[in-house]
Every structure is written in structure tokens, then in C-alpha cells.
Amino acid sequence: ADANSSDPALRASGWAASRIGDHHRDLMASFEEHAIIEIEGFGNTLFCHGTPNSDGEIVTTATPDTRLRKILTGARHDIVVCGHVHTQYDRRLDDWRVVNAGSVGLPYQGAPVGAFWALLDPQGVELHRSDYDLKDAVAGFSALGYPGVEDFEGALLEPPDPTWVADYFEQQAVDRG
């Protein structure tokens, strides 16, 4: 990650990487890629960033059933909770259920900024949104020297349409694949 890159994502990740010490890196390296938790009403639930196969693999509401089946084949869990594409959804395919919990910091929901999250309990899956003060959050990032913070506020105040985001990420998956 390059803190001087013209790519905003690389600039931000380079900035973040430059601010953590070895003990932080060691802590993060100790994390498991996946967590399997027994949840009443769901059984063994797999929590992952992207998919059961990869942190970077993309699944959206626009992912064709054939590709999603291939991704989920071999998964020994009926429900997978993921993130990665920053868009909240609850999708069923055959005997599988894929829930994207959404994003707290940079949601692509086509809705005003908020922290998007999911609750799984015996009654089912509930997709939630919690408000937070965007101006206060931007001021905090600005005070830290976060690169591109001026673009951050605009992107959150006028988030892209979730259908456009799903199509965009799906095209990224096709191009990689």
C-alpha cells in the first residue's frame, strides 16, 4: 500500500499501514480468516469477509446463481455472513443463505450515511442501520490527517445506487475470474 498513490484506496491503506506498529500487525496476523459460531435457529454459521473461499472474492445481489452455487459448493454451513462489497443484503439460493451485514464506515446502500449491520437470532435475520454524526466523523478523520477526507464526506452524503454498485462489483468479479 502506497500512501503517495493516486489511487484513493491505496493512499488510505498506505496511510493506515504507516500508523500501526509491529504489535498491531502481529495481533491482526493472529486473527482467523473465518469464524464459525453456533447460532440458535441457524446452526453453524460461517462469518467471513468475502466468501468461504477468499477474503477478496465478490458476491453481490447481481451474482448469477450458477456462480454463487460454485462459490458455495463445499461450504458446510447453511448460512454465510459476509461483508466485502459494503452493501447489505439477505439472499437465499437452494439450501444456502448469504447475508451481507453491510458497512459501518463506507456503506453503498443508496441511503444516508449510517452504520449498517445485521442481527441473527432465533426469529431470523434483521438488517439494521444506526445513525451517526457524519460531520463529527469527518472532522475526526481530518484531525488525524486521513488522506482524501474531503472526498469521504461527499461519497457518504451522496452514496451510489446499490444496484449500480452490485453491477460494478459483479463486473470486477467477472474481469478477475
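The first residue in the sequence is number 1, and the count goes up from there. Quick caveat, the model's predicted, so the values are computed rather than measured.
Every pair tested for ring-ring contact (aromatic ring centres under 6.0 Å, His included) that includes a residue from residues 53-76 fails, sequence neighbours excluded, so the list is empty. Pairs of residues two or more places apart, or lying in two chains, that qualify as salt bridge (Lys or Arg N to Asp or Glu O under 4.0 Å) and include a residue from residues 79-92 are D65-R91, D90-R97. Within the structure, ring-ring contact (aromatic ring centres under 6.0 Å, His included) contacts touching residues 33-66 (residues at least two apart or in different chains) are H49-H84.
Judged by distance alone, the side chain of S30 and the main-chain N or O of M28 form no donor-acceptor pair under 3.5 Å. Between the side chain of R176 and the backbone N or O of G56, at least one donor-acceptor pair lies under 3.5 Å. A donor-acceptor pair under 3.5 Å is absent between the side-chain atoms of E126 and the main chain of A118, judged by distance alone. Although no hydrogens or angles enter the test, the distance criterion places no donor-acceptor pair under 3.5 Å between the side chain of E57 and the main chain of G50. The closest donor-acceptor contact from the side chain of D94 to the backbone of W96 lies at 3.5 Å or more, if one exists at all. With Q109 contributing its side chain and Q88 its backbone, the two residues share a donor-acceptor pair below 3.5 Å.
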Pair up each side-chain donor or acceptor in residues 73-82 with any protein partner under 3.5 Å, not counting sequence neighbours, and list the distances.
{"from": "T73", "atom 1": "OG1", "to": "R69", "atom 2": "O", "distance (Å)": "2.6"}

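Annotation: side chain of V165 is not in contact with side chain of H86 (no heavy-atom distance under 4.5 Å). Between Y168 and T60 the shortest side-chain heavy-atom distance does not fall below 4.5 Å. By the 4.5 Å heavy-atom criterion applied to side chains, D121 and E40 are not counted as neighbours. Contact check for N100 versus V85: side-chain heavy atoms found under the 4.5 Å cut-off.
Residues R67 and A173 share a closest heavy-atom pair of NH2-CB, 3.5 Å. Here the shortest heavy-atom pairing between L144 and W15 reads O-CZ2, 3.4 Å.
Rounding to the nearest 0.5 Å gives a distance of 9.5 Å between OG1 of T87 and CG of D161.
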Next on the checklist: Using side chain to side chain contact (heavy atoms under 4.5 Å, CB included), reason through V125 and L119 one step at a time and then give a plain yes or no.
Outcome noted: CA-CA 6 Å; V125 173; L119 175 67; over 6 Å; no
Item to check | Residues Y108, F169; criterion side chain to side chain contact (heavy atoms under 4.5 Å, CB included); working and verdict | outcome: CA-CA 11 Å; Y108 301 144; F169 278 123; 3.9 Å; yes
Checklist entry - Should N53 and I71 be marked as a side chain to side chain contact (heavy atoms under 4.5 Å, CB included) after you check the CA-CA gap, both sets of side-chain angles, and the distance that decides it? => result CA-CA 7 Å; N53 309 314; I71 289 167; 3.7 Å; yes
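Taken together through direct or relayed side-chain contacts under 4.5 Å among Ile, Leu, Val, Met, Phe, Trp and Tyr, I36 and V99 form parts of separate hydrophobic clusters. Note on L72: it clusters hydrophobically with Y89, by side-chain heavy-atom contacts below 4.5 Å among ILVMFWY residues. No single ILVMFWY cluster, assembled from side-chain heavy atoms under 4.5 Å apart, contains both L93 and L120. Linking Ile, Leu, Val, Met, Phe, Trp and Tyr residues whenever their side-chain heavy atoms come within less than 4.5 Å places L46 and L68 in a single cluster. Each of Y132 and W117 belongs to its own hydrophobic cluster when Ile, Leu, Val, Met, Phe, Trp and Tyr are linked at side-chain heavy-atom distances under 4.5 angstrom.
By the neighbour-count criterion of 12 heavy atoms within 6.0 Å, atom CG of D26 is densely surrounded, having more than that number from other residues, nucleotides or ligands.
A donor atom on one side chain and an acceptor atom on the other are not found under 3.5 Å apart for D167 and Q171. Counted by atom type alone, T45 and E38 present zero donor-acceptor pairs between their side chains at under 3.5 Å.
Scanning for side-chain hydrogen bond (donor to acceptor under 3.5 Å, both in side chains) contacts around R129 gives D131, with sequence neighbours left out. Legend: residues meeting ring pair (Phe, Tyr, Trp, His ring centres under 6.0 Å) with F116, ordered by chain and number and at least two apart, are absent.
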